[in-house]
Amino acid sequence: MKPVNVGICGLGTVGSGTFNVLSRNHDMIAAHTGRPISIAHIGARSNPYLCNTREIKFSEDIFQVAYDPDIDILVESIGGCDTARELVLTAIEQGKHVVTANKALIAEHGSTLFTAAKERGVVIAYEASVGGGIPIIKCLREGLSGNRINWLAGIINGTGNYILSEMGDKNRSFNEVLEEAQALGFAEADPTLDIEGTDACHKLTIMASIAFGIPLQFHKAYTEGIGKITPTDIQYAEELGYRIKHLGIARQQAKGIELRVNPALIPANQPIANINGVLNTIVVDADAVGQTMYTGAGAGSEPTASSVVADIIDIARSLSSNTHPVFSLGWSPDITYSSPSILPINEIKSGYYLRLQAEDHPGVMNAITHILSLNNININAMTQKASRKNEVYADIVILTQQVQESVINKAIRDIEQLSDIASPITRIRIEPMV
Ligand code: HSE
């Protein structure tokens with residue numbers, strides 16, 4: 001039977017994993033698909049993981065793969081945006097289906113690419129772009145498609161989770177753990193994308209579009225990184241019964257959609273609070289099924305390849321049965337289901353963890369609580385840590401009830417004006433996961 005021919009562009013972490021899984025599981029994949037899937041062309045400048053490509057057509061110019069008339073499906077695993085976008089558009093123009101793990105590409109250019117693909121009658125599959133090996137796109141787009149999604153929240157950057165876990169459990173420094181994550185191959189080539197939350201924001205943007213039927217709106221999402229989280233905050237959070245995680249959150253509110261990535265205190269008894277290391281987890285709260293949770297390897301060569309290969313199999317099956325796989329984002333482009341706006345961060349409501357450094361003398365607590373009270377902010381917990389030897393300042397930790405972001409920010413500014421308080425005040429949102 002004529003095989004489905006795949007071209008792989010880029011033989012780095014994702015490309016080499018895809019090569020290995022397709023090669024190793026070739027017979028089983030053929031049985032799943034109903035016909036063999038063959039790697040027919042590789043486009044790469046190098047082969048750092050030494051994949052055995054001897055019998056396969058090899059081009060240093062990746063565009064040769066897009067122009068190869070024998071290729072049915074092009075796997076884009078070069079990463080980055082500009083060249084990847086051009087490559088995918090060329091492949092579409094040439095009538096190829098595309099599989100990509102590139103979250104930046106989908107989150108920032110998905111609308112253009114999906115339109116081009118639809119016009120040409122091909123598909124772009126992108127399961128691996130969110131949560132690595134976790135089939136979360138399929139879950140949201142297909143498994144949960146009968147549900148109204150209330151919210152979803154996830155640990156969707158393995159590097160960030162690894163750093164926070166190691167800092168908390170082993171008291172290691174931020175930089176030391178980051179270097180290790182880079183050496184282990186799950187940090188982005190530019191690790192600021194991990195630490196500052198851009199990578200998580202790309203993934204959140206994609207999930208939110210599928211969950212709520214809204215356009216991809218990466219540039220409207222709010223992103224806050226983990227660079228300011230200290231071991232002290234992790235320790236204080238633990239003492240209060242919380243863990244600090246870097247979360248991507250999308251929530252349907254009456255006035256619009258919350259779309260934000262930020263560090264958050266999660267109650268320690270919530271399962272997601274105990275997801276450590278490089279693992280990713282996404283919790284989805286939906287009207288019919290309630291809460292479901294998806295956990296697994298969010299990065300790495302073969303976990304990511306697992307999703308890439310699943311997409312290849314899906315497309316190959318549809319080629320065999322002459323059917324069309326589900327819409328790109330799972331919503332019919334001809335029917336506008338909803339178009340709520342993205343809420344500005346100032347309009348969201350949250351509980352807050354505040355850590356203040358205060359000069360340790362009478363009246364300081366009173367001054368702080370007076371400002372909170374003037375702003376109508378209710379305190380859930382408040383504790384002062386004994387000042388350390390020879391230190392002028394003592395830490396005061398406050399947990400507030402839910403309050404609008406603009407209000408807490410005003411209160412923080414007012415408290416920072418007090419002569420007894422050192423600036424800046426640390427502020428971390430609290431996420432109850434209910
Ligand atoms: N840098 C990403 C992470 C890799 O750490 O999760 C997968 O997107």
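Atoms considered below: every heavy atom in the structure, side chains included; atoms not considered: hydrogens, waters and symmetry mates. We count ligands from 1, going down the list as the structure has it; atoms in each ligand are counted the same way.
- The ligand atoms of ligand 1 that sit less than 4.0 angstrom from a heavy atom of G298 are 7 (C).
- Within ligand 1, the atoms closer than 4.0 Å to a non-hydrogen atom of N157 are 1 (N), 2 (C), 3 (C), 5 (O), 6 (O), numbered from 1 in the order shown.
- Taken to the nearest 0.5 Å, the CD atom of Q402 stands 12.0 Å off from the CZ atom of R429.
- For atom 8 (O) of ligand 1, the nearest protein heavy atom (residue, atom name, distance) is K103 NZ, 2.6 Å.
- Residue I106 comes nearest to I124 through the heavy atom pair CD1-CG2, 4.1 Å, listed as atom of the first residue, atom of the second, then distance.
- For the residues V278, V14, T159, L193, the heavy atom positioned nearest atom 5 (O) of ligand 1 is part of T159.
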Worksheet entry | Audit row: N157, D194, side chain to side chain donor-acceptor pair (under 3.5 Å) steps and yes/no | CA-CA 7 Å; N157 182 271; D194 297 301; 2.6 Å; yes

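- For ligand 1, the atoms sitting less than 4.0 Å from at least one non-hydrogen atom of A299 are 4 (C), 7 (C), numbered in the order shown with element in parentheses.
- Under 4.0 angstrom from ligand 1, the non-hydrogen atoms of D194 all belong to its side chain.
- Of the listed residues (V98, T100, T83, I62), just one forms a side-chain contact (heavy atoms from CB on, under 4.5 Å) with C9, and that residue is I62.
- For ligand 1, the atoms closer than 4.0 angstrom to any heavy atom of G158 are 3 (C), 5 (O), 6 (O).
- Summarising the geometry of I315 relative to A125, their closest heavy-atom pair is CD1-CB, 4.1 Å, with the distance given to 0.1 Å.
- Looking only at protein heavy atoms, the nearest one to atom 2 (C) of ligand 1 is E188 OE2, 3.1 Å.
- Between H246 and G225 the shortest heavy-atom distance is NE2-CA, 3.8 Å.
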